[in-house]
Protein chains: 2
Amino acid sequence: MTGETRVESHVKSHKVITLQSLSRACSDCRLQDLCLPIGISREDIDRLDSIVNRRRPLQRGTTLYDQGQHFDALYAVRSGSIKSFTRDDDGTEQINAFYLPGEILGLDAINANSHPGAAVALETTSVCELPFDRLHVLAQHVEGLQHQLLRIMSREINADERFMRVLANRNAEARLAGFLLNLSARYSIRGYSSTEFNLSMSRNDIGNYLGLAMETVSRLFTRFQQDGLIEAHRKAIRILQREALTGLADGSTPTDRINHGHGPT
Amino acid sequence: MTGETRVESHVKSHKVITLQSLSRACSDCRLQDLCLPIGISREDIDRLDSIVNRRRPLQRGTTLYDQGQHFDALYAVRSGSIKSFTRDDDGTEQINAFYLPGEILGLDAINANSHPGAAVALETTSVCELPFDRLHVLAQHVEGLQHQLLRIMSREINADERFMRVLANRNAEARLAGFLLNLSARYSIRGYSSTEFNLSMSRNDIGNYLGLAMETVSRLFTRFQQDGLIEAHRKAIRILQREALTGLADGSTPTDRINHGHGPT
DNA sequence: CGATTACTTGAGCTACATCAACCGTGGTGG
DNA sequence: CCACCACGGTTGATGTAGCTCAAGTAATCG
């Protein structure tokens with residue numbers, strides 16, 4: 001049950017349409033209320049449309065952009081998924097984020113006009129390329145687009161802050177539970193099942209992202225499964241007890257770092 | 001040697017000017033190349049100026065905005081410092097960031113039109129208030145301002161990603177060393193000493209921010225001092241061996257989570 | 001079908017959290 | 001002006017979550 005298959009079946013029930021044509025225009029895009037066009041008039045969507053390039057699908061493992069590469073475009077994931085990561089001087093990789101359909105990546109490159117990290121497809125993935133200079137000019141004219149751009153960046157900052165909170169405060173089981181619930185929610189918004197999905201990333205990637213050793217991740221998957229919280233067979237995940245997972249994710253403050261008397265000092 | 005004193009003495013050496021008048025206009029602001037006006041014409045700076053409100057200084061411990069509060073403005077720190085933090089359901093606080101002069105906060109509120117966290121002054125602090133609706137309209141007309149806004153948000157995303165990398169990969173000593181160097185660099189850019197500064201935040205705050213127990217932070221300060229890397233007396237910090245600190249901060253990968261063969265999976 | 005890669009499981013060790021006692025300092029009231 | 005208190009910080013002792021090393025198993029790919 002890959003993303004692509006689901007897209008087709010989902011859409012076919014309404015009208016016969018190929019995945020190809022489906023994705024030809026923003027105005028027809030199933031993801032448009034997750035992507036840039038929110039709150040933009042039909043007419044302006046067409047203008048946005050005219051600057052968007054649809055790229056041929058990336059094969060699994062293909063680099064969308066490299067670390068240090070000059071920045072010229074943002075990318076919206078149309079289908080598939082992408083990991084974005086930074087390589088340190090010593091070669092250590094750190095994954096910053098996973099991007100799912102409807103999500104936009106490259107925002108961290110605007111500042112220095114170059115990509116601080118690389119982006120690689122985790123599976124067969126197609127993206128829309130949004131040339132930044134043209135987007136920028138368009139946003140000058142289209143009020144809603146400017147706002148939407150700012151909102152999307154703000155949302156990213158939000159997500160990062162939330163995740164920092166997780167890394168600073170939560171133990172391994174809370175991190176993994178939170179990760180699964182987060183994926184579940186993001187799939188759900190996109191019309192996929194919220195209880196059954198495929199992890200496109202490896203255990204290694206998950207551990208790297210969550211700041212855990214791969215072994216720890218593996219053990220936790222096993223334990224969650226033994227406890228009947230999930231069913232996991234390699235990449236295939238089924239969430240059985242959402243409530244229990246939620247409890248793990250934000251309950252049981254492990255490190256109770258409360259700031260007694262919330263003065264500044 | 002507080003921030004404020006330094007500002008006055010620094011400026012007085014050029015022309016006699018009070019802190020009050022110094023901060024009356026963006027065009028005169030010593031911080032303008034850190035703040036919004038970069039790459040904006042003199043004329044446009046005046047337009048920006050006209051929408052900025054200067055607030056009376058916040059006393060230490062004063063709340064600039066509260067968690068959940070409606071979002072109407074961004075804030076630029078003029079002098080002093082601010083901590084921004086989120087309170088969880090269970091009352092646990094997590095500090096997201098510390099803001100120094102020239103830095104802009106509130107960016108995470110654009111998305112949902114409400115502040116996901118609170119902001120509190122760590123010492124006597126003055127800020128410029130930038131009403132977002134007016135800023136937004138102005139950015140529509142001033143090309144450079146829109147770009148600058150996007151750049152600033154991108155920079156924040158960058159910083160968050162870097163910090164996530166620290167939280168996920170670095171041990172306690174690397175975190176604290178990195179924290180001190182980061183403050184040092186930020187003070188340096190602002191014209192303050194890069195080797196000698198005051199921590200406006202408590203050990204508790206530092207620990208909370210870095211995902212460490214306060215006791216660990218305290219022990220590390222002691223050790224760094226014993227090893228001759230820094231001199232620390234309560235809030236006053238002097239950096240003695242920058243190189244050694246740098247080594248600690250990014251050397252000695254503690255958890256060598258290298259992604260062998262950087263395919264996707 | 002063999003080999004490479006992804007994942008799992010086990011055993012032991014260490015970095016850091018936790019709990020607890022103590023110290024220094026700055027502020028307050030007598 | 002001093003004594004005391006409260007609070008921020010320091011230091012010590014101990015427990016444990018999760019990392020590391022290591023060996024084995026299952027899936028995938030040529």
Side-chain angles (χ1 to χ4, degrees), chain A residues 59-61 83 92 122-123 166-177 198-226 230-237 248 252-265, chain B residues 60-61 83 92 122-123 166-177 198-208 210-226 230-237 248 252-265:
Chain A
Q59 291 307 311
R60 177 185 132 112
K83 73 168 172 180
T92 315
L122 288 168
E123 57 193 310
V166 169
L167 289 179
N169 282 316
R170 303 303 188 186
N171 62 15
E173 74 178 11
R175 290 184 201 188
L176 188 62
N198 278 321
L199 300 171
S200 55
M201 66 296 288
S202 68
R203 299 283 189 271
N204 207 334
D205 281 348
I206 297 175
N208 178 300
Y209 177 64
L210 295 177
L212 301 171
M214 189 205 10
E215 294 91 329
T216 304
V217 173
S218 181
R219 280 184 246 273
L220 283 172
F221 268 118
T222 310
R223 211 174 83 213
F224 284 178
Q225 187 156 15
Q226 282 169 351
I230 64 172
E231 210 176 290
H233 183 61
R234 284 184 75 68
K235 309 255 175 199
I237 297 291
L248 286 186
S252 73
T253 56
T255 298
D256 226 337
R257 215 170 357 275
I258 299 182
N259 238 336
H260 309 283
H262 351 96
T265 206
Chain B
R60 177 185 132 111
K83 73 168 170 179
T92 314
L122 288 168
E123 57 192 310
V166 169
L167 289 179
N169 281 318
R170 302 304 186 186
N171 63 14
E173 75 178 12
R175 291 184 200 188
L176 188 62
N198 279 319
L199 301 172
S200 55
M201 67 296 288
S202 68
R203 300 283 190 271
N204 206 333
D205 281 347
I206 297 174
N208 178 299
L210 295 178
L212 300 172
M214 189 206 6
E215 294 91 329
T216 304
V217 173
S218 182
R219 280 183 245 273
L220 284 171
F221 269 118
T222 309
R223 210 174 85 212
F224 284 177
Q225 188 156 15
Q226 282 169 351
I230 64 171
E231 210 177 290
H233 182 62
R234 285 180 75 67
K235 309 256 174 198
I237 298 291
L248 287 186
S252 73
T253 55
T255 297
D256 226 336
R257 213 169 0 273
I258 298 183
N259 238 336
H260 309 282
H262 350 96
T265 202

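Every chain is numbered from 1, with letters handed out A, B, ... down the list of sequences. Given the structure is predicted, the values throughout are model-derived calculations rather than measurements. Below, all heavy atoms of this structure are taken into account, side chains as well, without hydrogens, waters or symmetry copies.
- In this entry the distance linking CD1 of A:Ile206 with P of C:dA6 reads 13 Å, nearest Å.
- Listed candidates were C:dC16, D:dA22, C:dC19. Nearest to the side chain of B:Glu215 is C:dC19.
- Where A:Arg219 and B:Phe221 meet DNA chain D, the nucleotide closest to each residue was compared, and B:Phe221 sits on the side nearer the 5' end.
- Taking OG1 of B:Thr216 as the reference point, atom CG of B:Leu176 lies at 10.0 Å (rounded to 0.5 Å).
- Going from atom CG of A:Asp205 over to atom C1' of C:dT5 covers 14 Å, rounded to whole Å.
- Atoms CZ (B:Arg203) and C1' (D:dT11) sit 14 Å apart, rounded to a whole Å.
- Atom OG in A:Ser202 sits 5.5 Å away from atom NZ in A:Lys235 (nearest 0.5 Å).
- Both A:His233 and A:Thr216 lie close to DNA chain D; mapped to their nearest nucleotides by heavy-atom distance, the more 5′-ward contact belongs to A:Thr216.
- In terms of phosphate contacts, A:Thr222 brings a side-chain nitrogen or oxygen within less than 4.0 Å of OP1 or OP2 of C:dT9.
- One interatomic measurement links the two molecules: CG of B:Asn204 to P of C:dT18, which rounds to 12 Å at whole-angstrom precision.
- Contact annotation: A:Lys235 side-chain N/O to C:dC7 OP1/OP2 distance is under 4.0 Å.
- Rounded to whole Å, atom C1' of C:dA15 lies 16 Å from atom CG of A:Asn171.
- At a threshold of 4.0 angstrom between heavy atoms, the contacts of B:Arg234 are confined to the sugar-phosphate backbone, with no base atom among them.
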Check the pair B:Arg203 / B:Glu215 against salt bridge (charged side-chain N to carboxylate O under 4.0 Å, His left out), numbers first and verdict last. CA-CA 8 Å; B:Arg203 300 283 190 271; B:Glu215 294 91 329; over 6 Å; no

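- Atom P of nucleotide C:dA17 and atom CG of B:Leu210 are separated by 10 Å, given to the nearest angstrom.
- The CD1 atom of A:Ile230 sits 6.0 Å away from the CD atom of A:Gln225 when rounded to the nearest 0.5 Å.
- Each of C:dT9, D:dC19, C:dC19 was ranked by its minimum atom distance to the side chain of A:Ala213; first place goes to D:dC19.
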